Structures are given as C-alpha cells and as structure tokens.
S.K.: 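Sharing a structure, written as structure tokens. Questions coming.
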Amino acid sequence: MKPIRFDYTNVMSAAVGEHGLDEPDLAGLAEPSLRALDAVQARRKKDLRWLDLPYRDAVRRAILDYAASVRGRFQNVCVLGIGGSALGNTALQTALNGPFHNLQPPKGVPRLFVLDNVDPEWVGPFLETVDPAQTVFNVISKSGTTAETMSQFLILRAELVRRLGEAGHREHVLVTTDESKGVLREVAQREGYRSFVVPEGVGGRFSVLSEVGLVSAALVGIDIEALHAGAAAMDARCRTKKFAENPALLHAAIQYALHTKRGLPMSVTFAYSHRLRDMADWYAQLLAESLGKKHSRSGAVVHRGPTPIRAVGVTDQHSQVQLYAEGTFDKWFTLLAVDRPAIDVPIPHTFPDLEALSYLGGRTLGDLFQAEREGTRIALTEAGRPNALFALERVEAHAVGQLLYLLELSVAVMGEHYDVDAFDQPGVEAGKIAAYALMGRAGYEGRRAEIEARTRGAKRVT
Ligand code: PA5
C-alpha cells in the first residue's frame, strides 16, 4: 500500500512569490513542531486516546462480529447523529462505497443514510420513504444528550414500536454512546439495546476511527481492518523526529505559518476526487471546532482559528476559482488528489474534423480530470496563491485511514502552535444550551429569560 504523498512545493515563495513561505519560516517551526508532537504524544495514554484507536483489535473484531451477525437482515442502516457523530460516517461512505451505493447496493449489503439534521423537511420525507421495519438505526452520541439526536431517536423509536411492538423494535436500535454517562446510555440499559461505547479520551471530531465511525462502516461492507492498518501506518510514519519527513508536522506548520506570518486565514480543501468531497467536509469540522477559540490555553482572550472552506474539483472551478485566483489574498489551498482512479471512462473520437472536440476524442475522463487539476494548480501558483497537495494512490480504505489519521494529528499539533485547546468546543456547547432554553428544558429558565430580553427590539422587515 503506497504512503500518501504530500507535495508542498507551491506553498513556498520560490513558487508563489511574496505570499508564500520562505525556507526560514518553515525551518523556524521545526523545533516548535517537534515540541508540539512530544506534547501531543505525551497525552496518548491519558486524554488523547484517539491516537491509539487503530490498535484496538478486540473492538474491531466485536464490530465485525456484530456486522456478520446481522448480514442480510436489514435493507438500510441509518445513523442518527450530528457533528463528530456523523461527518466521519458520511466521509467513509462516500469515499469507500460506490457513489450510487444507495441506488444499487451490492447483494446483501444495506444502504446507508446519515440523518445529521433535524430539518423536518428532510426527516419527514425520510420517514415517508424509508421503511423503518427494514432498517437498523445507529444512534450515536458521545454525550448521550444532544437534542437533535435524541429527538430523532424518540421519533424513530415511536415509529418502530408502532410498527413492530415493544419487543420487536429492539433489534432495530443500536446505540453508540459513553459507557456510563448520558441519558442515551440509561435508555439503552433500560430497553436492552445492543450498544457500543465511545471510548474515554476520544472527542467527537476525533472519533471516526472508533466505534462511532466503524460500526456503520462495517455494516455497509467497508474494510475497517484496512482503515485501521492505514491509520497505524500513518501513526508510525508521523513518529519521526525528522521535521522534513513528517507530513503531519509539515502540514500543521504550513497552516500555522501561512495564517500567522502571511495573513492567509482561509484554508481551502479542494477535493479533486468526488469520492473525497465529504472528507473535506469532515476536515472542515476538525479544523474549525478544534482551533476556532476565544481563549488561549492560559485564558487570555485571543479569538484564534483558521476558516475552513470546502471545494470540489472540477465542479468549483466553474464557481469558486475566479475568486481563488484573483480575489483577496486571504486563502491557501490543499488539493486532495488521486493518482489512479479505480475506473476510467474513454471519450469517443466522434468528430475528428471539429478541432474544438477532436482533442478530447481518444482521451479519457481521467486524463481530463487530471489535466484540470494540474491546470488549477498551475493557475493558482502563477496567481501567487500558496497550494499544497495530498495525493492518494487510490481511494481505498488503507489510504483513507492514512489521511484521516494524518489530518487528526496535524490539527492536534496545530493546537499547540495556535496555543488553544484543540479538544474542547465551548462555542458549540453555548448553542446547545440556548436551544435547550428555547425548547423549555427544565433548569434553563434563566437562560431563556436572558435570550428573550435580548431579542426584544429586534430589527426586522416583514
Ligand atoms: O466534535 C464534537 O465534539 C461535536 O461536533 C459533537 O460530535 C457533536 O456536537 C455531537 O455531540 P454528541 O456526540 O455528544 O451528540
């Protein structure tokens, strides 16, 4: 299995001029990066246990045993979860199952739905379209209290009980939550649901390689052993103390230096792979929620954090690239590329006499896709826009495991550079509390009164 390639030639000033990094910028970050790596690794056995997820062989076996025990039993798997309890599940599905998996799943393999929103105009039609009696619902919540996930659970449980009865509904509910905390665990115990544990020391957005991401992946036939093997390979690769050979350290240092030394706060992940588009979405949460913080670790008010942007090649060439090439100098780019697509599509040589079409004939969509990607790289570089590239040999579980682990480690190291706690999310909690208050949850009356006082005098036009 080939290691992921990280090409950062075009983030350097030698390639892009004044907005790029000079050699001393990166050299100056070598020592801090190694210190950051040590600081992160020192927490591996304490509160950063996600670093060890690829080595949990017994858990992986238990998941595979469960998946084998229900093979052929359900037409659908539906994840009820949000944020870190959903984005990785979607990213794995789009990367590692076919793009039309749900239209035509392989024989005996269920379709996958990830309901990571409570918009009734989405959940309502889901209820009208997908038969719950043919579905296993994987309710995922680390806290076991999140209103969105809990409300979906209540709705789906009622529907299952209505259709299948109290006893019959139980095998359709699978819970993934904390071992002891949260109302979801209490309900799972009371109802006797099959359950998996979100391990200690594994935050939501760092949980894709835990039970959170793996259960639904295994149920829809994704090779979770290869996923873990890829992550373990990246872990081994990123233990090196040679800064110039460590892709996670380089990536973190480049992000930090381009933001703080070159004033480029926007970090665009440009997936030149339709299958990796949701990986960009997953990374957006990882970057935003980990680094977007009001306080430094010593408590000073700092308001830090890069802004993630997702784009898909070639689609967004015809939408965003004009801005990227000529707009404000506030962005840098990470392209995700695939060296060898699993399938290629030849372009017929239909009109050899028409020059505007004949150059396409006899080539393939793979050739065109690659030319477009390289064209964008060249255009960005010539426009002075720093850009790097992660290249996967193929979009397969081992490579995806490598990429996930690399980005998680990189963001943890970025937390050290930016001097913020990369593992909390007080801004998200604040929104959750406001929603509890607005929904009338007991204990949040004071907060509700504050919100109501603030919304008086709102400026509106009808
Ligand atoms: O990364 C995070 O911590 C968050 O995005 C959570 O995953 C999200 O808020 C959902 O929380 P929970 O899994 O507790 O329901």
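In this text, all values refer to a predicted model and were calculated from it rather than measured experimentally. Both ligands and their constituent atoms are indexed starting at 1 by order of listing.
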S.K.: Among side-chain atoms of Tyr418 and His259, is any donor-acceptor pair under 3.5 angstrom?
M.R.: yes
S.K.: More than 12 heavy atoms of other residues, nucleotides or ligands under 6.0 Å from NE2 of His274: is that the case?
M.R.: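 Open.
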S.K.: Does Asp235 come within less than 4.0 Å of Arg239, counting only side-chain N to carboxylate O?
M.R.: yes
S.K.: Relative to Phe329, does Arg385 satisfy both conditions: NZ or CZ under 6.0 angstrom from the six-membered ring centre, and within 45 degrees of the ring's axis?
M.R.: yes
S.K.: Using a threshold of 4.0 angstrom between heavy atoms of the protein and any atom of ligand 1, which residues qualify?
M.R.: Ile82, Gly83, Gly84, Ser85, Ser141, Lys142, Ser143, Thr146, Gly204, Arg205, Gln285, Glu289, Gln425, Lys432
S.K.: Between Glu445 and Arg441, does any side-chain N to carboxylate O distance fall below 4.0 Å?
M.R.: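 So Glu445 does not pair with Arg441 through a salt bridge.
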S.K.: Looking at Phe270, Tyr324, Tyr272, which one forms a ring-ring contact (aromatic ring centres under 6.0 Å, His included) with Phe333?
M.R.: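 Between Phe333 and the candidates, ring-ring contact (aromatic ring centres under 6.0 Å, His included) is satisfied uniquely by Tyr324.
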